Visitor: 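One structure, as structure tokens, below. Some questions next.
Just so you know, these numbers come straight off a predicted model, no measurement behind them.
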Amino acid sequence: MTAEDIDFKAIEKRWREEWQKAGIFKAKVEKGKRKFYCLEMFPYPSGKLHMGHVRNYCLGDCIARYKRMQGFNVLHPMGFDSFGLPAENAAVKQGTSPDKWTEKNVGEMKEHLHALSFSYDWQREISTHNSEYYKWNQLFFLKLFEKGLAYRKEAPVNYCPSCETVLANEQVIDGCCWRCKSEVQEKMLEQWFFKITDYADELLSDIEKLEWPEKVKVMQKNWIGKSEGTEVQFKVENLDIKNSEFIFLHAFQDTSESVFWPWLKKEIEKQGGKVVFAPNLPNPNEPNIEEQAEFVLKKYKFNSKSVIITHSLGGVLAMKLLPKLGTKIKKLIMVAPPLRTEFLDGKKRPAVEKACDWNFDFNRIKEKSESITVIADEKDHIVPVSHPKEIAERLSAEFVLTTGNKSHFNSEEEPHVLNEIVATIPIFTTRIDTLFGVTFVVFAPEHPLVDKWVKGTKYEAPFKKFLQEVKKETRMQRLAAEGEKKGMFIGRHAMNPLTGEEVPVYVGNFVVQDYGAGAVMAVPAHDQRDFEFAREHKLPVKEVVQPFIIKTDGEDAIRENLPFKKRDSVVCVVKHWAEDKYLCLDWKQTFWHGFVIGGVEEGEDPIETGKREITEETGYKNVRFVKKLGPRIHSQFYHVVKKQNRWAQFQGLYFELVDGKQVEISEEEKKIHGVLWLDKSKVEPFLNVDDMRILWRRVFAESAYGGEGILVNSGKFSGMHSKEAREKITQELARKKLGKKSVQYKIRDWLISRQRYWGTPIPIIYCKDCGIIPVPVSELPVKLPASDKVKFGEGNPLSSAKSWVPVVCPKCKKLARRETDTMDTFVDSSWYYLRYCSVQDKMRPFAKEEAEYWMPVNLYIGGVEHAILHLIYARFFTKALADLGYLKFREPFSRLFTQGMVLKDGEIMSKSKGNIVSCDDMLAKYGADTIRLFELSAALPESDLEFREQGINGSYRFLQKLYGLLSADYPKKGNDVVDEYLIAEKEKLISAVSEKIETLRFNIALSQIFTFIEKVGRYKNFASAGTMKEIAHDIALLLAPFTPHLAEEFWNKYGGKGFAALAEWPNAKKLNSGQERALKAMQLVESIERDLDSLLSIVRKKGKVVSGASIYAVPEDHKTLNGFVEIFERHISKVRIFSTQDKKKHDPLNKAEKAVQGKPALYLE
RNA sequence: GCGGGGAUGCCGGAGCGGUCAAACGGGAUGGGCUUAGGACCCAUUGGCUUAGUGCCUACGCAGGUUCAAAUCCUGUUCCCCGCACCA
């Protein structure tokens, strides 16, 4: 039979139909049966199925079929992620509608999926654009909204101008849109968010439980970006305190000694300010505002330095006072000022009413103060927030709404009030141990306070310019890996909370507003970035951590029980007087390779020590000191020569020799070390201790020491190790209410609003009177209007749906409008795996019992490109749904497998590159089994696969060969040894294939099957029909997950019961002794074949013609070899096999003598 | 910079302490079959040596552990991927 005779397509068609008819892939909950949920990421129906998709599904199908044969109750569903932008774009471009376009594509893709006979339960198919699906998106949205997990806020968001919609953080890659690659813009917009940050910690810690590729886990960890540290408060003057005179005006029934006044006075004085006037106003219990104003005017002369701070009714006084002033004052700060007499506690205050006429000349007040700030307490129980708010508006003043320590700011300490004078800025750091090394503070240029600080100062103009530049450059710089560190001083100083030291405040382009608090404390000595900035701006560098190295292994590892001997030492790097060579020492009694080193004597200058040691150890006498090599290094080690534990404090010094003049060195020194001059490039490899390496690097590059170590110059924390110091300093800060432990995350809430049509409408109604009103659950789904009712290409399409947008407010029944944004389509894919569990359920998104049976997904297969996006959203959704009571488990995918890509000419297949190999051509040419075989055998599933048609051809040939082999007729009786041998090899194959499938190394499983089939082909003339039948039977089973149609064909042909697809996966049997013997025997045969070949080629090379061969075997071997003449005659005709004991053998060269057991001798003629 | 993964023949890639000059596939070369091509079959594909089953050199580089290392450990170089002025 020739290859062309095999009609693979007919075979495939037949079995596809049989399976379908029997419905064998339909999944049903069967309690008590082990389940296996096998899932491949569902496709976006972008067009035809290509080889990349196919690979994904082949992998999943192989496992699904394998698990099914192993007796698992397998759920293997498929569906379509059918909402999304391309449909909308295609609709605009091709004049079709998104739904038609989508459904056409879905149809085509399904056709191919069917043709490849993936074992999906098609009853469970879903398409996310179906309102029966997306209504549940809406339900979840409402539930999340109820719980506060969905919220609306105005925020700077990423906007893609080409997709005309906003994007989530996760969808911005290198500053560009993940889909279309155009640069995203930043916009301030009010949008809907899911509060994924609430789950940041759990999302992070649960990663450990997952059987996922390390790579993906790391990516998720990075994305969540947890860092633990300390939030520390720095104070920055909001106004120039030292050049101000503070005036306090107290409230009704108060004095200048009550409430927060004494505390505020103290705080201001701490900052170097002066409270010049804090009168006890006349008649505080029955005040007369006019009288009080006169009183104040008489007692104090206002000037341009005056800063008035008022509390409550004091504010009314100030407003009466100001218009009467002859000069302008610096600032007026009004704390909770009343404007009218309706107080929240319901109490009448007749005295207050009598005292005030509440008529203010707002314009004149405005004129009399440089700036005005009004502070209100959100929880004020006396003055309604509307009063200070109105005052602020009328005065065009800054309005600050906060929460007082006590209502109406009646506490003895009111930090918010102080904050208007001295701002307290929280700064996040992971290295609070370096707090004493802070020499400046850097703010993000976008920081709101910065704007306030520079206003009206000489820094304002240059800052504005700087801000512009930064905004423009940010994106470009990010792309150009190492941006320049730019920044400027803004005329303010910040106070170090522990040392009280004042350090300058800068803005810098490298500080980002949305991480931490938008400000950093800069420690140039211990942070490379700060170091560079400091050098640029000539800022001081203050050393507070010294490296600390402990040797814990090797022969100089510290000895447990010995005390430490502390030594001040110097390490001297010495340069040659003429060449670029450096003086190194090779210690003879130990392995140390290093530089000249020595102990500093009491009272000795380290530089002198260095010079002395250089001369003592090497003889060179004319040395010149050049520079110190950074801070000291602490090193604990065992001094092998001196036999003691050392705690050395090394000062690195750099010298240059003036000339080569030497003095004689002592014999003793010569014994200790050899002196070497090494080329610059040879020094680094020569050194073998860390401290020497650190010093060597410092010769050439100054840099910050970013590691940990021992604190110095840090007050009472000096001498502590970094780790301990972090604890202690944080505690100290907490005690002083100047800091606390803090955890920062990089992950931001998930922005889900999209200004596009083809997605799930957000079920929200905006009512003028009632505000944001959720659509009642009973009204779901909020269906999309038909696509011919909307206009594309002009902003948000849904807002053009004239009959859709207006809606009756569910609460007040007045006319309201619908939300016109749709949801990010990643919402759809965040829970589709749950819908599969009970697709048909009309009442619920999914049936809890079913989900609990099938979930979690046992194996999830897809591309790495979803490592962050889809996979983190789905995890979040699962957790949120669990908290909403829908689920009991909190992780959706136990095991994840990320398959490699299918490449064509080294590139990813894509429409834009025009290199897509669509699967229908391949199907028509080779059929489904061949394609499946190729996709699975060509490479490891996780590595990329280069698509080559020759490769497909190889798979095709294999199937033809296999078919021929298994379809042929075989004799009843064969060679017993071969029969046993083949069966033994088959058993070995079964266990190997099972193991490889379990570990998803399908290509290796297949290569082993190939090898086996090769062997069968080799010995087919010796095999019996029975053996071949057994082989065909098991091969059918082993191949069933890979090439299911052909496998089914063999299974059927050789009398298998039912379907191979449902048959039990074979178990490898242990080999019996006969089979073991057969294996050995065939090894013998094969080794003779090899020998024959090598002899033949040698002899033939010499030009001799070989006409026959004799084989001389010891009697045992002789017995097994008889019967294999035919095999040997494949190599050379006329082969005779003799026993070495056969006296009459033909043996002219006496070769028989060479034969030993297992190695027969050969003779050629 | 931080983190993850690699480096094996002409190529893709197995092997993960001894059975390894290295599975399987592809390519190349030679031979068979053919009018020819394709397809198919056979052989060769690190070097040397040989009427034989032997030797040498090789699993990025340098060391180490071991009776024994492609395989384990240490250092180092290069490549790929992810994250990144992250405080």
Side-chain angles (χ1 to χ4, degrees), chain A residues 2-4 173-174 213-223 225-227 229-230 427-432 434 441-442 444 474 477-478 480-486 508-512 514-523 527-530 532-533 553-554 684-685 688 706 744-746 864 867-868 934 937-940 942-946 948 950-951 953-955 957-958 960-961 964 992 996 1001 1003-1011 1014 1017 1083 1087-1088 1090-1099 1101-1102 1104 1106 1130-1131 1149 1151 1154 1156 1158-1165:
Chain A
T2 61
E4 288 83 79
I173 294 152
D174 292 335
E214 204 48 40
K215 185 165 68 163
V216 177
K217 291 195 194 181
V218 168
M219 283 165 83
Q220 292 216 344
K221 279 184 207 161
N222 284 344
W223 187 258
K226 181 179 183 173
S227 58
T230 304
I427 288 180
F428 177 74
T429 176
T430 53
R431 288 298 302 274
I432 195 69
T434 61
V441 164
V442 191
T474 295
Q477 277 171 343
R478 268 182 199 169
E482 277 290 306
E484 213 185 311
K485 276 145 205 69
K486 286 189 216 150
N509 59 349
F510 59 91
V511 182
V512 294
D514 65 340
Y515 185 78
V520 297
M521 56 175 233
V523 187
D527 181 287
Q528 190 57 29
R529 191 194 50 203
D530 297 346
E532 281 163 33
F533 192 85
D553 55 353
E684 174 111 36
N688 63 1
Q744 291 288 323
Y745 294 94
K746 238 176 61 184
V864 245
I868 294 174
F934 167 73
S937 67
L940 266 186
E942 60 264 41
S943 45
D944 291 349
L945 179 156
E946 172 69 29
R948 267 182 293 186
Q950 289 147 324
N953 211 24
S955 301
R957 284 208 301 262
F958 169 79
Q960 288 170 335
K961 199 195 295 176
K996 305 296 174 194
R1001 286 178 294 172
N1003 62 325
I1004 298 165
L1006 284 168
S1007 92
Q1008 263 147 357
I1009 294 178
F1010 295 169
T1011 314
E1014 189 73 25
Q1083 255 171 32
S1087 89
I1088 292 173
R1090 265 200 306 278
D1091 289 350
L1092 259 179
D1093 276 341
S1094 67
L1095 254 186
L1096 275 168
S1097 68
I1098 290 163
V1099 173
K1101 236 184 245 169
K1102 296 195 164 167
K1104 292 183 189 163
V1106 183
R1130 285 178 190 165
H1131 303 267
L1149 287 176
K1151 287 287 170 192
K1154 286 182 119 177
V1156 289
K1159 278 179 187 173
L1162 305 175
Y1163 169 65
L1164 302 184
E1165 53 194 319

Visitor: Using Watson-Crick and G-U wobble pairs whose two distances are both under 3.5 Å, how do you write the pairing of RNA chain B as dot-bracket, with | for links to another strand?
Guide: ((((((((.[[[..)..(.....]]]((((((.......))))))(((.....)))...[[[[[..)....]]]]])))))))....

Visitor: May I have the distance from A/E942 (atom CD) to B/G12 (atom P), rounded to whole angstrom?
Guide: 16 Å

Visitor: In whole angstrom, what separates A/N222's CG from B/C83's P?
Guide: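 Result: 8 Å.
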
Visitor: Could you tell me the separation between the NZ atom of A/K215 and the P atom of B/G6, rounded to a whole number of Å?
Guide: 11 Å

Visitor: Please state the C1' separation for the pair B/C78 and B/C61 - nearest whole angstrom.
Guide: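 Taking atom C1' in both B/C78 and B/C61, they lie 10 Å apart.
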
Visitor: Round to a whole Å and report the spacing from CZ of A/F1010 to P of B/A23.
Guide: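 Value for this atom pair: 16 Å.
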
Visitor: Heavy atoms under 4.0 Å, any strand shown: does A/A938 hit a base, just sugar-phosphate, or nothing?
Guide: nothing

Visitor: Given B/A87, B/G52, B/A84, which nucleotide is nearest the side-chain atoms of A/T430?
Guide: B/A87

Visitor: Provide, to the nearest angstrom, the distance between the CD atom belonging to A/E214 and the P atom belonging to B/C83.
Guide: 16 Å

Visitor: How many Å lie between CD on A/E532 and C1' on B/A87, as a whole number?
Guide: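 Roughly 15 Å, once rounded to whole Å.
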
Visitor: Test of understanding: with salt bridge (Lys or Arg N to Asp or Glu O under 4.0 Å), list the residues that count as partners of A/E1014, not counting sequence neighbours.
Guide: A/K961

Visitor: Rounding to the closest angstrom, what is the interatomic distance between B/A70 and B/A23 at atom C1'?
Guide: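 About 15 Å, rounded to a whole number of Å.
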
Visitor: B/G32 and B/A36: how far apart are their P atoms, nearest whole angstrom?
Guide: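 Result for the P pair: 11 Å, nearest Å.
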
Visitor: Detail all sub-3.5 Å separations between protein N/O atoms and N/O atoms belonging to nucleotides 13-16 of chain B.
Guide:
unit_1 : atom_1 : unit_2  : atom_2 : d
B/G15  : OP1    : A/R1001 : NH1    : 2.4

Visitor: Specify the separation, in whole Å, of atom NZ of A/K226 and atom P of B/A87.
Guide: 14 Å

Visitor: How long is the line joining CD1 of A/I868 and P of B/G3, in whole Å?
Guide: 17 Å

